[in-house]
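Numbered from 1 within each chain, the chains take letters A, B, ... in sequence-line order.
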Amino acid sequence: MAETGVEKSGNSPNALLSGLNPVQREAVQSCRGPLLILAGAGSGKTRVIVHRIAYMIDAEGIAPASILAVTFTNKAAGEMRERVHRLVGPRAGQIWINTFHSTCSRILRTHISRLGYTDRFVIYDDKDQLSLLKEIFQRLNLSELALKPEVVRAVVNDAKNKGIDDHEFATRAATFQEQKIAEIYRSYQQQLQEYDALDFGDLHLLTVKLFGQFPEVLAEYQQRFQYVLVDEYQDTNEVQYRLLRLLTEPHGNVCVVGDDDQSIYSWRGARLKNILDFEADYAGARVIRLEENYRSTQNILAAANGVISRNRQRKGKDLWTRNQAGELVSVYIADDEYEEARFILDKIREHARDLADYAIFYRTNAQSRILEEALSRQGVPYVIVGGFRFYDRAEIKDLLAYLRVINNPRDSISLLRIINVPTRGVGKKTLEMLKDLAAEKACSLGQAVELWLDEGSGTGKARQALADFVRQIHRWRQLQGQVSVGDLLQEIIAATDYHNWLQRGSNRHLYDSKKENIAELFNSIISWERNEEQPSLAGYLESVALISEVDREVPEQSRVTLMTLHGAKGLEFPVVFMAGMEEGLFPNRKCYNRDAEMEEERRLCYVGMTRAQEKLYMIASRSRQFQGVRNENKPSRFLLDIPRELIDAQASEASGYRPAYRTRKPEQYSSPGREGPAASAPSRRSKSPQPSSTTEFAIGSKVQHPVFGPGVVAAAEGSGKDAKLVIIFRDRGRKKIALQYASLTRG
DNA sequence: GAAAAATACATTTTT
DNA sequence: TGTATTTTTC
């Protein structure tokens with residue numbers, strides 16, 4: 001699908017349209033007015049977007065600088081930028097192709113002084129946000145309140161996503177709790193401004209505010225961006241919606257691309273309504289549906305369609321493909337999470353493909369542990385995508401906090417982090433005193449430190465330490481701009497003896513990994529500086545603040561990929577395993593009472609299934625340990641929504657005969673020569689009754705299947721391992737079942 | 001200030 | 001059950 005590489009300064013319209021299907025062409029050629037491109041999974045969405053931009057420039061003569069393209073992830077923006085560049089050459093540099101957040105950040109950097117911040121503002125991530133809220137809780141003595149900083153953060157973020165600022169929130173607050181939160185929201189916001197800091201929500205909210213309060217600024221951008229394109233429109237929240245409306249109001253040249261069936265971030269503020277109501281919102285809007293799928297087999301697609309068709313809140317789409325029918329979707333009922341992992345491992349071995357062809361998806365991060373253990377025990381290389389973020393690691397945050405304090409003296413949250421790291425004798429008491437002073441003088445912590453040093457006399461240990469510390473910071477601020485960011489950091493690490501401190505504080509193994517992380521941080525700094533025209537500390541901090549885990553490059557290696565279903569969006573793999581397809585886990589029991597959330601779970605399932613190109617496995621465990629307790633779970637309702645003729649269902653041999661969980665792990669899916677007591681110790685399984693031949697299930701006898709339910713044996717063939725039964729199921733019709741795998745019980 | 005013990009808490013996390 | 005955070009102890 002990749003465009004061929006030569007740099008061009010002009011493409012003929014025909015060249016830009018070749019290789020596209022008729023609907024894709026239509027989308028590419030519709031350059032003006034409101035347009036919704038409903039892009040089904042695997043329908044060549046990015047290709048259409050990229051060609052559309054090139055078409056606008058080369059065929060319609062639209063100036064690159066008048067185009068704004070917005071995405072949600074840096075990765076998507078980067079890919080788009082690169083592919084557009086390949087098509088139109090250096091002119092691509094004039095197009096704004098960015099994430100929502102960095103677009104806003106870029107606008108705010110030039111105008112934010114009007115709102116009472118400086119152009120050096122820091123961006124606080126959610127950890128910083130929480131630290132600040134905790135500080136406020138402490139200061140306002142809110143600990144006795146039945147309210148947690150985490151809850152307040154969620155409420156505040158939610159409000160900001162909806163465009164509600166602290167003042168408006170206060171007017172709306174009805175209950176005592178809401179009023180209390182309003183109070184906290186207010187002082188949180190004041191504190192942010194005091195610290196010259198913006199949280200993620202502020203980036204949007206303040207941009208909208210800026211546009212609202214200063215029409216001339218809005219006009220400037222309306223003028224500039226005559227053509228606006230939004231990717232993943234189904235994930236936009238209310239402020240983003242408002243932002244787009246403001247920007248496109250005069251011309252209505254807004255093209256949004258998305259798939260309502262892949263909206264899985266409502267809990268982060270995404271409003272499905274935005275995409276569902278697009279035509280009503282923008283008069284004269286056109287809708288183009290990209291329904292031809294180039295990714296999956298017919299069977300996979302039909303199975304996914306079966307699941308998603310149960311949703312009511314959707315525009316409705318019929319994905320189809322010219323690809324072959326392919327294999328059936330394999331559903332496997334495992335005994336427990338260990339056997340689930342073993343099944344996956346065995347299938348991976350069985351296929352014997354490049355490991356990079358496999359992905360394992362799960363609903364919750366907690367599920368990854370068992371899978372990881374199984375993979376590494378068998379020596380199968382794997383990567384976990386997402387999960388613990390690199391930039392969340394303590395050592396990385398420490399060092400970045402140093403850089404942030406140097407860059408912005410008012411950033412008190414960062415100062416708080418490093419004021420005693422490495423330990424320099426600034427204890428709890430000193431800190432309390434300084435915080436009080438800052439509160440009293442309504443200044444930042446850094447200013448409070450300087451004030452205290454200036455006024456007082458005497459020679460306490462803390463005083464001396466802080467004086468040294470402040471001197472160091474001043475020196476580094478001078479150094480800033482004269483040396484590279486990397487060199488500056490090098491200097492900080494040396495001067496603070498940071499490594500030594502790390503070594504004392506952690507064991508050998510931990511220290512090694514921390515050292516590695518720091519080395520990786522240096523690598524990333526160096527490669528960033530190399531790619532930047534004018535590398536500056538502020539610029540580096542900006543890019544780091546808006547980066548995510550998925551943006552980090554994973555070395556190209558042959559590994560199995562593990563990730564949550566949320567992480568899987570936008571990706572594709574030849575062979576996909578979806579683990580933990582169980583009621584309570586997926587769909588998660590927390591969604592049982594809310595229809596909208598249940599539909600989102602279903603979309604998540606759809607997203608997972610449509611990642612698979614050739615083969616899809618869906619696995620449910622009858623028993624799983626969850627938060628310390630072992631539960632028996634039913635297979636997920638989503639499995640039952642797949643048309644039965646598309647499924648090849650199997651279950652672990654013995655499972656139907658064991659009433660409850662058994663500590664001894666079943667062997668039928670263990671690999672040959674596997675180590676451990678399970679392999680050598682005599683199995684308890686031998687004591688339990690086993691269906692060893694077809695004779696146990698006479699023709700005409702009633703049986704019970706874990707997935708297909710009750711049925712009657714119609715015919716039998718083969719014997720021993722190859723024994724198969726033809727069963728007429730009450731609800732599911734006629735099926736041939738391999739006795740070896742199906743855990744049939746007499747019914 | 002660091003280690004040990006107790007306690008809380010567990011869905012997903014594009015920026 | 002695993003872990004992250006807070007409190008207690010030395």
From the candidates B:dT12, B:dT11, C:dG2, the one with an atom nearest any side-chain atom of A:N588 is B:dT11

Would you kindly check if the NZ (Lys) or CZ (Arg) of A:R271 is within the cone defined by 45 degrees around the ring axis of A:Y241 and under 6.0 Å from the six-membered ring centre?
yes

Where does the angle between the aromatic ring planes of A:F361 and A:F573 fall among parallel (under 30°), tilted (30 to 60°) and perpendicular (over 60°)?
perpendicular

Are B:dT12 and A:W267 stacked, with the base six-membered ring and the side-chain ring centres under 5.5 Å apart and planes under 30°?
yes

Check this for me, if you would: do A:E582 and A:R624 make a salt bridge, where the nitrogen-to-carboxylate-oxygen distance has to be below 4.0 angstrom?
yes

Tell me which of A:A545 and A:N420 sits closer to the 5' end of DNA chain B, going by the nucleotide each one is nearest to.
A:N420

Would you call the rings of A:Y221 and A:F225 parallel, tilted or perpendicular if under 30° counts as parallel and over 60° as perpendicular?
parallel

Once you round it to whole Å, what is the distance between P of B:dT12 and CZ of A:R603?
18 Å

What is the base-pairing partner of C:dA4, counting Watson-Crick and G-U wobble geometry with both distances under 3.5 Å?
B:dT7

Could you check A:E601 against A:A270 and say which one's nearest nucleotide on DNA chain B is further toward the 5' end?
A:E601

Of the candidate nucleotides B:dG1, B:dT11, B:dT14, which contains the atom at the shortest distance from the side chain of A:D235?
B:dT14

Suppose you measure atom P in B:dT12 against the same atom in C:dT5; what distance do you get, rounded to whole Å?
15 Å

Give a yes/no answer on whether the side chain of A:K590 brings an N or O atom under 4.0 Å of OP1 or OP2 in B:dA10.
no

Within the 4.0 Å heavy-atom criterion, would you say A:G584 contacts the bases, only the backbone, or no part of the nucleic acid?
nothing

Side-chain N or O of A:R268 closer than 4.0 Å to phosphate OP1/OP2 of B:dT12:
no

Mind checking who B:dA2 pairs with, Watson-Crick or G-U wobble, both distances under 3.5 Å?
C:dT9

Parallel, tilted or perpendicular, judged at 30° and 60°: which one describes the rings of A:F72 and A:F100?
tilted

Base, sugar-phosphate, or nothing for A:N365, non-hydrogen atoms under 4.0 angstrom?
sugar-phosphate

State whether A:T99 places a side-chain N or O below 4.0 Å from either non-bridging phosphate oxygen (OP1 or OP2) of B:dT14.
no

Closest listed nucleotide, where the reference is the side chain of A:T423 and the choices are C:dT1, B:dG1, C:dG2
B:dG1

Would you indicate, yes or no, if C:dT3 has its OP1 or OP2 atom less than 4.0 angstrom from a side-chain nitrogen or oxygen of A:Q627?
no

